[in-house]
Amino acid sequence: MNYWLVKSEPFKYSWDTFTIEKKTMWDGVRNYQARNSIKEMKKGDLVLWYHSNEGMEVVGIAKVTTEHYNDPTTDDPRWFVVDLSIHKKFKKTVTLVQMKQEELLQSMGLLRQPRLSVMPVTKDHFDYICKLGQTIV
DNA sequence: GCCAACGTTGGC
DNA sequence: GCCAACGTTGGC
């Protein structure tokens, strides 16, 4: 079981929309590092859902429901997508400001390479953020 | 709106 | 294969 973090821009696709639709195809990744993460995702992996720009906070957890497959929004065979379904909404959102203050999270990808749209998260970081979100997985 | 960080492109 | 120029992202 692996853990990840994805970033969505709320005005494009927010957690609220996700809540209504229950599942989504995570498409549009056009960055090799992010793409590599997509390729490593396995069914059942858990994914932190982060809102960039507006909010700047982790709002909940999604679950990977498929292995990666070719991105149907492009003919370019280099790009892949996975499907995500809603898992749990955080009782309390965890803001970027909050995470920056946590000693334990200093080595997190989100804080070190903020521009990646999909990134791996260690189990320790994942568990800790869930705790901050007052949510038991 | 600005700017830092990073990725991509293209000329050589 | 190097590197300058440019584009994009996202926090502030």
Side-chain angles (χ1 to χ4, degrees):
Chain A
M1 160 90 83
N2 287 309
Y3 302 91
W4 313 92
L5 180 143
V6 297
K7 290 196 294 198
S8 79
E9 297 182 72
F11 72 90
K12 272 193 203 153
Y13 193 91
S14 71
W15 179 264
D16 287 344
T17 314
F18 191 34
T19 304
I20 294 162
E21 296 184 354
K22 300 279 193 289
K23 58 181 181 170
T24 187
M25 180 179 71
W26 197 258
D27 63 3
V29 171
R30 295 291 181 272
N31 167 288
Y32 286 107
Q33 258 181 286
R35 190 278 312 262
N36 290 342
S37 293
I38 294 264
K39 282 177 77 175
E40 283 170 28
M41 284 181 177
K42 292 274 184 290
K43 217 170 160 173
D45 283 357
L46 295 177
V47 182
L48 296 170
W49 188 284
Y50 176 77
H51 277 169
S52 65
N53 288 312
E54 298 164 46
M56 292 186 286
E57 59 193 4
V58 178
V59 288
I61 305 166
K63 189 193 267 186
V64 178
T65 58
T66 61
E67 300 290 308
H68 66 91
Y69 55 97
N70 275 307
D71 190 335
T73 63
T74 175
D75 290 333
D76 195 328
R78 292 176 300 171
W79 308 117
F80 300 95
V81 300
V82 290
D83 288 350
L84 300 177
S85 70
I86 265 243
H87 186 60
K88 262 187 186 173
K89 185 180 161 67
F90 273 4
K91 274 198 189 123
K92 274 191 61 157
T93 59
V94 180
T95 65
L96 183 63
V97 174
Q98 209 180 338
M99 290 189 278
K100 279 185 166 173
Q101 286 166 354
E102 297 293 338
E103 192 64 34
L104 261 164
L105 301 178
Q106 290 310 306
S107 56
M108 230 192 124
L110 182 66
L111 305 182
R112 321 191 93 206
Q113 244 185 304
R115 292 177 67 255
L116 266 187
S117 56
V118 183
M119 69 188 83
V121 177
T122 65
K123 184 175 180 0
D124 286 351
H125 289 165
F126 184 88
D127 288 344
Y128 195 70
I129 290 168
C130 290
K131 211 166 91 186
L132 294 176
Q134 296 179 5
T135 301
I136 297 150
V137 183

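Computed over heavy atoms, backbone and side chain alike; hydrogens, waters and symmetry mates excluded. Protein chains get the first letters and strands the later ones, always in sequence-line order, with residue 1 at the start of each.
- Looking at residues two or more places apart in sequence or on another chain, you find no salt bridge (Lys or Arg N to Asp or Glu O under 4.0 Å) involving A/Glu21.
- In this structure, CH2 of A/Trp79 is placed 12 Å from P of B/dG7, rounded to the nearest angstrom.
- Annotation: A/Trp79 is in aromatic contact with A/Tyr32 [ring centroid separation under 6.0 Å].
- Evaluation of the salt bridge (Lys or Arg N to Asp or Glu O under 4.0 Å) rule for A/Asp127 yields A/Lys123 as partners, not counting sequence neighbours.
- Between the side chain of A/His51 and the backbone N or O of A/Val59 there is no donor-acceptor pair closer than 3.5 Å.
- Per the geometry, NZ belonging to A/Lys12 stands 12 Å off P belonging to C/dT8, to the nearest Å.
- Contacts with DNA chain B (heavy atom under 4.0 Å) in residues 110-122 of chain A: A/Gln113, A/Arg115, listed by number.
- For residues 35-47 of chain A, every residue pair satisfying the side chain to side chain donor-acceptor pair (under 3.5 Å) rule, not counting sequence neighbours, is listed here: A/Trp4-A/Asp45.
- By the 30° and 60° cut-offs, the orientation of the rings of A/Trp49 relative to A/Tyr13 is tilted.
- Protein atom CD of A/Glu57 is 12 Å distant from nucleotide atom P of C/dG11, rounded to whole Å.
- With sequence neighbours excluded, no residue forms a side-chain contact (heavy atoms from CB on, under 4.5 Å) with A/Glu103.
- Remark: nothing in residues 28-36 of chain A comes within less than 4.0 Å of DNA chain C through any heavy atom.
- One finds no side-chain N or O of A/Tyr50 lying less than 4.0 angstrom from the OP1 or OP2 phosphate oxygen of C/dT9.
- The backbone N or O of A/Leu116 sits less than 3.5 Å from a side-chain atom of A/Lys7, completing a donor-acceptor pair.
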